Asks: 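Have a look at this one.
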Amino acid sequence: MGLLSFYSRNSAELLGLIWQHVYLVAVSTGAAILVGVPLGVALTRRAAWRAPVLGLANVFQTIPSLALFGFLIPVFGIGAWTAITALIVYALLPIIRNTYTGIAGVDPAVREAGRGMGMTDGELLRLVELPLAAGVILAGIRVATVVSVGVATIGAAIGAGGLGVYIFRGVATVDDTLIMAGALPAALLALGADAVLGFVERRLAWR
Amino acid sequence: MTAALEVRGLGYVLPAGRNLVENVSFTVGAGETLVLLGRSGSGKTTTLKLINRLLEPTAGEVLVAGERAAGLEPTRLRRRIGYVIQEVGLFPHFTVARNIGLVPRLERWPAERIAARVHELLTLVGLDPAAFVARYPEQLSGGQRQRVGVARALAADPPLLLLDEPFGALDPITRVELQREFRGLEGRLGKGIVFVTHDVREGLMLGTRIGLMQGGRLAFLGTPDEFRASTQPEAVAFMSAADPGPAVRG
Ligand SMILES: Nc1ncnc2c1ncn2[C@@H]1O[C@H](COP(=O)(O)OP(=O)(O)OP(=O)(O)O)[C@@H](O)[C@H]1O
Ligand SMILES: [Mg+2]
């Protein structure tokens, strides 16, 4: 059975799975940005938090995804919430790390000039540090999103839906077309997210 | 009349116990330029940072236009003091106009007033407003950046200016050009200015008074003429470095 005829007969299901996939990635990445960017900023202000926070995020990053699902299922049960939580955990490290390095990389002379002119810490952050670090922060968000698209395919194993549903079903029934039916749009999603965020990154970064 | 700046017994000791600035006192009136001269590491930059509280003094008192600096919120204090740091530090993502208009913007001036002020200041520092407002710092030469830095420090019309080697990284010709222009500006501005340099000739040309720093202390304080005539060893060392004496003919 060809891929195209499979899609034409299952288009509603395909769109549903793509939507679920995008939803998993968008919600988790959004939450990771809301937590990770402020945390990254906090690390630039509190030297003592740096090693423990980055160390912990690093440890999370190295846990294999199926193992992480295993740890989270007792807490959140089977389904989307476990997958979203795992995706947030993976997305945090690149976002925190890039926010921190982006701001730490701002020319100290620029920061000192701002402080010397009477900018408050909030003004310095909002008007100078975040805009100058925007490119690096967005690069972190881009990495987090692309990784997330990949990890989200495994979410199907714990009932979170998404394009992994076709892949796992195809593996179980040894059906190459079904595997491809999930893998191809997942790969395209990752490439698309990478291209779009890369574009935003170039637009927003001042250089 | 209250002086633009009064510094009494200023001192700064590092937590480890090292003395970076010790017992520095001077007064700068409106229209006066105190030149802080001294070797590298003598404490000139540190003294400026103690005045605007980028560093907190461990001894002594600073009065800006008669008000105790220690009694003001640091950000409020700094908005009353124009400051050009040694590295200029223009914001690379802001145009020239936004760089210059930063403090007025923080002080919530209306946009037209900021634009008019930017125009006025660019003209004052010898840059054509039409050609420069929309440029970014990376599109400026070193000398133009220095000028924009000075204009930015003047933006909110502070009574006191702190300039840390503002002509430091320039070629000798541009440097002399800026020094001449600055000399013309001093009188017109009517502000108290503290001007840091390690260049004796620049100091003697621009200063109404010279303060010579040595190892964190003020080794000499007096007029340029008194400085030329001084027998204080560090002053003599600086004078002879500026004037190598008659050329030896072979
Ligand atoms: N944060 C700091 N911690 C420790 N030492 C410092 C600190 N800042 C400055 N110093 C030291 O204080 C001394 C005075 O430094 P300062 O920057 O005031 O010198 P300066 O006169 O401005 O020199 P230059 O002409 O090279 O700019 C130097 O010996 C410097 O190494
Ligand atoms: Mg210095």
Side-chain angles (χ1 to χ4, degrees), chain A residues 33 37-38 40-42 44-50 95 98-142 197-207, chain B residues 45 48-55 64 69 72-95 98-108 136-139 145 148-156 158 160-166 168-169:
Chain A
I33 292 170
V37 172
V41 169
T44 64
R45 269 53 183 172
R46 300 258 184 284
W49 294 11
R50 224 161 280 163
I95 294 175
N98 279 38
T99 304
Y100 169 72
T101 33
I103 292 177
V106 170
D107 182 359
V110 166
R111 192 177 289 121
E112 176 139 311
R115 291 219 304 135
M117 291 164 70
M119 294 177 104
T120 62
D121 192 57
E123 287 164 345
L124 196 63
L125 186 67
R126 189 163 49 81
L127 296 173
V128 178
E129 293 178 312
L130 284 177
L132 287 176
V136 180
I137 296 173
L138 278 163
I141 292 174
R142 182 157 64 108
L197 289 171
F199 177 76
V200 173
E201 194 181 310
R202 282 190 299 279
R203 289 303 298 271
L204 280 188
W206 67 277
R207 189 200 281 288
Chain B
T45 299
L48 292 191
K49 289 185 185 173
L50 291 171
I51 293 170
N52 68 11
R53 289 179 65 191
L54 283 176
L55 295 172
V64 174
L72 288 168
E73 184 92 38
T75 52
R76 276 179 55 77
L77 170 76
R78 291 176 199 143
R79 285 184 202 184
R80 294 186 195 178
I81 303 175
Y83 182 39
V84 180
I85 65 168
Q86 205 160 350
E87 302 85 1
V88 190
L90 295 181
F91 301 127
H93 60 310
F94 280 7
T95 59
R98 281 191 81 192
N99 263 289
I100 296 176
L102 181 79
V103 174
R105 181 169 152 216
L106 297 179
E107 296 281 315
R108 309 210 193 301
Y136 284 88
E138 62 179 3
Q139 300 166 320
R145 267 179 226 165
V148 172
V150 171
R152 181 171 73 169
L154 287 168
L160 176 64
L161 276 184
L162 307 177
L163 307 176
D164 198 347
E165 301 200 35

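Being a predicted model, the structure only gives us computed values, none of them experimental.
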Asks: Who among A:P108, A:A109, A:G116 has the most heavy-atom pairs with chain B under 4.5 Å?
Replies: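 Among A:P108, A:A109, A:G116, the one with the most close pairs to chain B is A:G116.
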Asks: Counting only non-hydrogen atoms closer than 4.5 Å, does B:V84 touch chain A with its backbone (N, CA, C, O), its side chain (CB onward), both, or neither?
Replies: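 Looking at B:V84, nothing touches chain A.
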Asks: My understanding is that only residues two or more places apart in sequence, or in another chain, count here; which of them pass side chain to side chain donor-acceptor pair (under 3.5 Å) with B:Q139?
Replies: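 So B:Q139 forms no side chain to side chain donor-acceptor pair (under 3.5 Å) with any residue.
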Asks: Looking at A:V110, A:T120, A:D107, which has the largest count of heavy-atom pairs under 4.5 Å with chain B?
Replies: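 It is A:V110.
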Asks: Quick check on the interface: out of B:V103, B:N52, B:L102, B:I81, who has the most heavy-atom pairs with chain A under 4.5 Å?
Replies: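 Of the options given, most contacts go to B:L102.
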Asks: For B:G89 and A:A113, which heavy atoms make the closest approach, and how far apart are they?
Replies: O-CB, 3.3 Å
Asks: At a 4.5 Å cut-off on heavy atoms, which part of B:I85 comes close to chain A: side chain, backbone, both, or neither?
Replies: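 B:I85 touches chain A through side-chain heavy atoms alone.
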Asks: Can you spot which of A:M117, A:R115, A:M119 makes a side-chain contact (heavy atoms from CB on, under 4.5 Å) with B:R78?
Replies: A:R115
Asks: Would you call B:R79 and A:E123 a salt bridge, taking side-chain N to carboxylate O under 4.0 Å as the test?
Replies: yes
Asks: Pick whichever of B:E73, B:R152, B:R53, B:R80 has the most heavy-atom pairs under 4.5 Å with chain A.
Replies: B:R152
Asks: Counting only pairs under 3.5 Å, give me each side-chain donor-acceptor contact of residues 125-135 of chain A, with atom names and distances, residues two or more places apart or in other chains.
Replies:
residue	atom	partner	partner atom	Å
A:E129	OE1	A:R45	NH1	3.1
A:E129	OE1	A:R45	NH2	2.6
A:E129	OE2	A:R111	NE	2.6
A:E129	OE2	A:R111	NH2	3.4

Asks: Chain A heavy atoms under 4.5 Å from B:L90: which part of the residue, side chain, backbone, both or neither?
Replies: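 For B:L90, backbone heavy atoms alone lie under 4.5 Å from chain A.
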